[in-house]
Amino acid sequence: MKTDDLKLLTDKIQNAKSILIAGHKNPDGDSFCSVLALAELVKLNFGKSALCVYDGNIPNMLDNVPLRANMHFFGHVDLEKKFDLVFVVDYGTRNHMGGVMPAVESAKYVVEIDHHRNDDKIGDLCLDDVGAAAAGEIIFNIAKKLDWARNVDVNNLLALAILTDTGNFKYARKGKVLRIMAELVDSGVSIEWISNLLNNRPRKSVVTEAAVASRAEFLFRGRLAVATVGAQDYKHLDGRGELVLSLLGQIKGVEYVALLKRQKENQTGVSLRSKTGRVDDIAVALGGGGHAYAAGAVVRDTIENVRARVLELFRERLK
C-alpha cells in the first residue's frame with residue numbers, strides 16, 4: 001500500500017461533503033461488516049457521516065452485528081445526487097454491485113477496497129490486495145498505517161468480516177490474518193461473542209439446508225459432492241447455503257463441493273468450495289470469481305444446464 005495512495009485517500013475524505021459506501025449485492029459477512037467498519041472509521045477520524053447502502057438480501061445471521069441500523073437498502077434512500085466520494089468494498093466485479101452501480105458511475109471520485117482478482121476495476125484509487133483474506137483485513141491495515149482511532153464497534157466488525165470470509169480461518173492461507181485477529185482480540189474482541197452472535201438463523205433455513213445436503217450426489221469416485229437447491233427450497237436459504245457447503249465438506253473423501261441454486265427462472269447461483277485445489281478458476285469459467293478455495297458465480301441458464309457445465313469443468317480436473 002503506497003504512501004502516496006494513503007495520502008490521497010486522506011485528502012479525498014477530508015474534502016468530501018458527501019460520502020457513500022457500498023459492497024457487493026447480497027452481502028456476506030465480509031462485505032457487510034467492512035462497509036459498516038469503514039463508515040465508523042470515517043466518522044471517528046474525520047467527523048463525517050457516510051451513507052452505507054446495499055442491494056439484495058442480508059443473511060439473518062448478520063441481524064445483530066454492531067451498527068446494523070446504519071445499513072440501508074439502496075431503494076430506500078436518495079442516490080440521485082452526485083456523491084463527492086464513493087467507496088466500493090469487497091465488490092468483486094461491477095456486475096456484483098446491483099442497483100448501487102448508477103451512484104458509483106456518477107460519483108465525483110471512487111475508491112475501491114477489494115481482495116478479489118479483477119481486471120476491470122472501477123475505482124479512481126484502488127487500494128486492493130489480492131493476497132488479503134478479507135476486505136476487513138485491508139481496512140484494518142489502512143487504519144493501522146494511517147494511525148486511525150478504532151473503537152469497540154470497529155474492532156468487532158473487522159473481526160466479524162475476517163472470521164466469516166475465512167470460514168473461521170479454514171480458508172486462511174497466510175499467517176498475517178491470524179496475527180491481525182490476535183491484535184483485535186488483544187484490543188478486546190471476543191471470538192466466543194462473535195461466534196454466538198452469528199448463531200442467529202431461522203429454524204426453517206437450517207432444516208432446509210440439512211435436507212439439501214442429505215440429497216447430494218457424490219461423483220468422480222466421491223471426490224466431488226454436488227447439491228441442488230430448487231425454487232421452493234431457495235426461498236428458505238439464509239445467505240449462500242453455507243451449512244450445506246460445510247456439512248458436505250466434512251465428509252471423508254470429498255475434496256470439492258458444488259452447490260447449485262435455482263434463484264430465478266434461467267438464473268442459477270453456484271457456490272464452490274475446496275479442500276485441496278483451486279476453484280476460483282472454475283468460477284471464472286462460469287462468469288464469476290472469488291477466492292482460491294471458496295468461489296462462486298451467477299449463471300443465466302437453467303439449473304440443469306449449469307449442472308452439466310459444472311460437471312464438465314470438474315471432469316477435466318478429476319479425470
Side-chain angles (χ1 to χ4, degrees), residues 26 28-30 59 61 116-117 133 163-174 195 198-199 201 203-263 266-319:
N26 298 320
D28 56 9
D30 186 25
M61 69 175 186
H116 297 97
R117 296 183 185 278
L163 199 66
T164 54
D165 225 37
T166 59
N168 294 322
F169 298 112
K170 183 166 59 177
Y171 305 119
R173 302 296 165 181
K174 296 180 180 179
S195 297
L198 296 174
N199 290 331
R201 304 181 58 203
R203 179 175 63 183
K204 186 67 175 178
S205 172
V206 174
V207 171
T208 297
E209 291 191 44
V212 168
S214 73
R215 299 192 296 266
E217 304 172 83
F218 299 90
L219 308 169
F220 303 109
R221 301 177 302 282
R223 297 173 67 190
L224 171 66
V226 180
T228 303
V229 179
Q232 285 299 111
D233 285 337
Y234 181 70
K235 63 184 180 182
H236 297 304
L237 247 63
D238 183 29
R240 300 180 179 184
E242 292 295 337
L243 178 59
V244 180
L245 297 163
S246 176
L247 287 171
L248 295 177
Q250 294 178 44
I251 296 174
K252 183 178 180 180
V254 171
E255 299 174 28
Y256 299 91
V257 179
L259 176 61
L260 312 180
K261 297 156 283 186
R262 186 185 184 279
Q263 298 175 334
N266 292 325
Q267 178 176 308
T268 303
V270 181
S271 294
L272 304 170
R273 298 292 185 270
S274 170
K275 297 178 184 176
T276 56
R278 302 183 73 97
V279 288
D280 54 339
D281 55 341
I282 292 179
V284 169
L286 295 169
H291 314 300
Y293 297 86
V298 175
V299 186
R300 304 290 179 179
D301 205 343
T302 66
I303 199 165
E304 293 80 13
N305 289 343
V306 174
R307 178 185 178 279
R309 177 61 176 148
V310 168
L311 294 188
E312 177 187 349
L313 291 167
F314 272 106
R315 185 173 291 109
E316 296 175 6
R317 175 164 300 175
L318 300 177
K319 60 185 178 182

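What you see is a predicted model, and the numbers here were worked out from it, not measured in a lab.
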*Non-hydrogen atoms of Ala213 and Leu247 that approach each other most closely*: CB-CD1, 4.0 Å
*Separation between CD of Glu242 and CG of Leu198, rounded to the nearest 0.5 Å*: 11.5 Å
*Atom of Ala283, atom of Ala297 and distance for their closest heavy-atom approach*: O-CB, 3.9 Å
*With rounding to the nearest 0.5 Å, note down the distance linking CG in Leu219 to CG in Leu318.*
9.5 Å
_Name of the residue among Leu286, Val226, Thr268 meeting side chain to side chain contact (heavy atoms under 4.5 Å, CB included) with Val310_ = Leu286
*Would Arg215 and Asp233 satisfy side-chain contact (heavy atoms from CB on, under 4.5 Å), going step by step from the backbone distance to the final call?*
CA-CA 12 Å; Arg215 299 192 296 266; Asp233 285 337; 2.9 Å; yes
*Measure the CG-CZ distance between Asn305 and Arg300 for me, rounded to the nearest 0.5 Å.*
15.0 Å
*Given the rule in the side chain to side chain donor-acceptor pair (under 3.5 Å) test, do Asp165 and His291 qualify, once you have shown the distances and angles that lead to the verdict?*
CA-CA 10 Å; Asp165 225 37; His291 314 300; 3.1 Å; yes
*Is the shortest heavy-atom distance from the side chain of Leu237 to the side chain of Val244 under 4.5 Å?*
no
*Do Leu313 and Arg317 pass the side-chain contact (heavy atoms from CB on, under 4.5 Å) test, and can you show the C-alpha distance, the side-chain angles, and the key distance before you say yes or no?*
CA-CA 7 Å; Leu313 291 167; Arg317 175 164 300 175; over 6 Å; no
*Distance from Asp301 atom CG to Asn266 atom CG, nearest 0.5 Å?*
6.5 Å
_Set out, in order, the CA-CA distance, both residues' side-chain angles and the distance that settles side-chain contact (heavy atoms from CB on, under 4.5 Å) for Val212 and Thr228, then state yes or no._
CA-CA 7 Å; Val212 168; Thr228 303; over 6 Å; no
*Between Arg262 and Tyr234, is a side-chain contact (heavy atoms from CB on, under 4.5 Å) present by the stated rule, with each step listed?*
CA-CA 7 Å; Arg262 186 185 184 279; Tyr234 181 70; 5.8 Å; no
*Closest approach of Ala227 and Ala216, non-hydrogen atoms and distance?*
CB-CB, 4.2 Å
*Of the non-hydrogen atoms in Gly289 and Ala295, which two are nearest, and what is the gap between them?*
O-CB, 3.3 Å
*If you round to the nearest 0.5 Å, how far is OG of Ser274 from CG of Leu245?*
12.0 Å
*Check whether any side-chain heavy atom of Arg273 sits under 4.5 Å from a side-chain heavy atom of Val279, and report yes or no.*
no
*asked:* Taking Lys204's backbone N and O only, do any of them form a donor-acceptor pair with Thr208's side chain (distance below 3.5 Å, no angle check)?
replied: yes
*Is the NZ atom of Lys174 crowded by more than 12 outside heavy atoms at less than 6.0 Å?*
no
*asked:* For the CZ atom of Arg278 and the CG atom of Leu272, what is their distance to the nearest 0.5 Å?
replied: 13.0 Å
_Where Ala211 and Ser214 come nearest, the two heavy atoms and their spacing_ = O-OG, 2.6 Å
*asked:* A side-chain contact here means heavy atoms from C-beta on lying under 4.5 Å apart; do Arg201 and Leu243 qualify?
replied: yes
*Are Glu312 and Arg309 close enough for a salt bridge, meaning some N to O gap below 4.0 Å?*
yes
*Would a 4.5 Å heavy-atom cut-off, applied to side chains only, mark Phe169 and Leu163 as touching?*
yes
_Would you say the rings of Phe314 and Tyr256 are close, in the sense that their centroids are separated by under 6.0 Å?_
yes
